[in-house]
Number of protein chains: 2
Amino acid sequence: MTTMVKVAKLAGVSISTVSHVLNGTRNVNDETRQKVLKAIEETSYRQDALARAMRRSRTDSIGLIVSDGGEPAFAEMIRGVEETAASQGVTLLLANSAEDPQREARAVQALLERRVDGLILARVAGSGLDAISEFANHETPLVLMDRLSEDPYDQVGVENREPIRELVQHLTAQGHERILLIAGDTRVATLRERHEAFTEAMAAAGIPAAKQLAVAAHDSKETDAGIRKALGAAKPPTAVIACSTVLAAAALRQIQQRGLRMPDDIAFAVFDGFAYADLFEPQLTTVRQPAFDVGSTAAELLAKRIADKSREPAIVRLAPVIEYRASTGPAPA
Amino acid sequence: MTTMVKVAKLAGVSISTVSHVLNGTRNVNDETRQKVLKAIEETSYRQDALARAMRRSRTDSIGLIVSDGGEPAFAEMIRGVEETAASQGVTLLLANSAEDPQREARAVQALLERRVDGLILARVAGSGLDAISEFANHETPLVLMDRLSEDPYDQVGVENREPIRELVQHLTAQGHERILLIAGDTRVATLRERHEAFTEAMAAAGIPAAKQLAVAAHDSKETDAGIRKALGAAKPPTAVIACSTVLAAAALRQIQQRGLRMPDDIAFAVFDGFAYADLFEPQLTTVRQPAFDVGSTAAELLAKRIADKSREPAIVRLAPVIEYRASTGPAPA
DNA sequence: CTGAAAGCGCTTACAG
DNA sequence: CTGAAAGCGCTTACAG
């Protein structure tokens, strides 16, 4: 492998000079610079980012740990982070915890050992401060993404409450009272917020908590059972709000099995939705998350934090867009 | 930051010994080891992977460049690579070229500078050997993923021809003759193979190339126009095979607009398909790619290549599974 | 069983 | 405008 020594010899200068023309860190006589550039060309020299990072104690790399790489929304966030990082000349180290606290802890460890300049973390559901506690005594910048918390870190996620409120209003305005919320695993912060907003919005519409319908469960089996029970009740729901894509798929399967027509037999809306929601029959009312922007905002916040570690933690909530479609009847004015 | 020097001092040993207990590279007196372990604990020492990598000239990291991080299939491949890499104790550096040769070249450069132990590359469409030529004089192991080529590297992709043949047989057996192939950008190796297989299979079914219907185009606008023209023809196709998810979406939109019913007015099949194909009405016949396995196989091949640079390049083709559903009529026996 | 020392490939004061 | 040299935090022969 070519190193600076070889380049310097060929150009007849010191390695200091090679380094400085490479990095533009001091004035170099134009003739000298040309010689160096030529030598670099001839030897097809490539800088060693590792050695450079070690000397500068800065790697120009960031880590990203997602809790569920299989979810389309996370795939989008990854793209957002990658694109912004690339535009900053920063390399992205990616890990997927797959909702496993152990894998999350190992990933944090591995990325910290690699001396990333900062870390973006979408935490696994239900894990306490475990992974984060690594950062308590640690100076590595951290940004929480999507899975937010009360901790004093920079955070980016979407606004979960307002869209649910709007959805509930949209449905109650059409006379729906028995609205079923498929809430999923409410240990996940995003899902918990959606559930809470539902409870409040329904109460505000005059439907007390005791009369509200919701399926909150830790796994898909429980969820399926909950949906089955709800749909098969003597007084089944006339509308469904699913709090995630997976939950929506589970509900739609049972709705199809029962031969229920949307929106006449049952209205249907989904938070986060399907990649091609417009191809469904009927088209599905969807709360579309700006997932790409969540990712790129996370990368931006991290860059700012790296540049200035003493700034106030920022908490950013991006607004989803509700796309009203046929599955919930006529769109609001 | 705690370094080995601090640990060594605290434990009253040399840094050699600390290094050896850390890596298990030589026998250490049990008492001594305990002292070192205790010192590591107390100082919450964490190894510096950069310094280690520099000394060993091995980073235990690999790079992955995908050509389109937005495609669900690529998201799955990323997951496959990540999971296998993690299980090997290898960190993944991810870049997305977004079908832009410039970004691809920059990513190759950045990852090489970072001294990744190897690289997995899904090349952008239509780029020549540009990105790959970096490897000609370079000893960094390279595995080609999904977007294969004639070059002498390890490669993993799916079998593209056989599923298309089967699909064509399935359709012609039902009497279809005017089958429209939405081929997309045939500069992409996968799409080119599907197109070629279609041409051959149709000819084998007695339909000469001159009478075959296909839309091959470089961008979505051209594709949309091609589909519009084909569907609006005097003798429109009675069946459609879409060669990718995006292409299928484009076709389905126009099919819905025209109010065509599947499979009666028009049969429909898709290569690579939608995340929740079973929720479509009717359910769509889909060639499901083992995308996750493509990713994990790529990571495995790369590990083997890193371990033994002189082995013969392997070319692996994973078989997709055809899921026959209502959109192409009754499934074959 | 253990330690002193060289060296991986850079950056960056320091000196001229 | 340029160079000699220290040092980033490790691993690994070499020596005892």
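The basis for the numbers below is simple: all heavy atoms, side chains too, and nothing from hydrogens, waters or symmetry mates.
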**Message:** Can you pull out the residues from residues 18-29 of chain A that lie within a 4.0 Å heavy-atom distance of DNA chain D?
**Reply:** A/Arg26, A/Asn27, A/Val28, A/Asn29

**Distance-only donor-acceptor check, side chains B/Asp117 and B/Thr59, under 3.5 Å** = yes

**Prompt:** Does any residue of residues 2-11 of chain A have a heavy atom under 4.0 Å from DNA chain D, and if so, which ones, in number order?
**Reply:** none

**Message:** Using a strict threshold of under 4.0 Å (side-chain N to carboxylate O), is an ion pair present between B/Glu99 and B/Arg123?
**Reply:** no

**Asked** When the distance from CD1 of B/Ile15 to P of D/dG9 is rounded to whole Å, what number comes out?
**Response** 11 Å

**Complete:** From CD of B/Glu31 across to C1' of C/dT2 the rounded distance in Å is 14 Å

**Asked** Is B/Thr17 touching bases, backbone alone, or none of the nucleic acid, heavy atoms closer than 4.0 Å?
**Response** sugar-phosphate

**Message:** The side chain of A/Arg55 is closest to which nucleotide in this list: C/dT12, D/dT11, C/dA4?
**Reply:** C/dT12

**Message:** The side chain of A/Val13 is closest to which nucleotide in this list: D/dT12, D/dG3, D/dT11?
**Reply:** D/dG3

**Request:** Quickly work out the B/Leu50 CG to C/dC10 P distance and round it to whole Å.
**Result:** 13 Å

**Request:** State the dot-bracket string of DNA chain C. Criteria: Watson-Crick or G-U wobble, both atom distances under 3.5 angstrom; notation: ( ) intrastrand, [ ] crossing earlier pairs, | interstrand, . unpaired.
**Result:** |||.||||||||.|||

**Residue pair A/Asn96 / A/Ile65, side-chain heavy-atom distance below 4.5 Å** = no

**Pairing residues for A/Arg317 by the side chain to side chain donor-acceptor pair (under 3.5 Å) criterion, not counting sequence neighbours** = A/Glu193

**Request:** Among residues two or more places apart or on two chains, list those pairs meeting salt bridge (Lys or Arg N to Asp or Glu O under 4.0 Å) that have a residue in residues 17-32 of chain A.
**Result:** A/Asp30-A/Arg33

**Item:** All side chain to side chain donor-acceptor pair (under 3.5 Å) counterparts of B/Asp293, not counting sequence neighbours
**Value:** none

**Asked** NZ of A/Lys9: more than 12 outside heavy atoms within 6.0 angstrom?
**Response** no

**Message:** Side chains of B/Thr2 and B/Arg46: any donor to acceptor distance under 3.5 Å?
**Reply:** no

**Prompt:** Between B/Arg114 and A/Ser61, does any side-chain donor sit less than 3.5 Å from a side-chain acceptor?
**Reply:** no

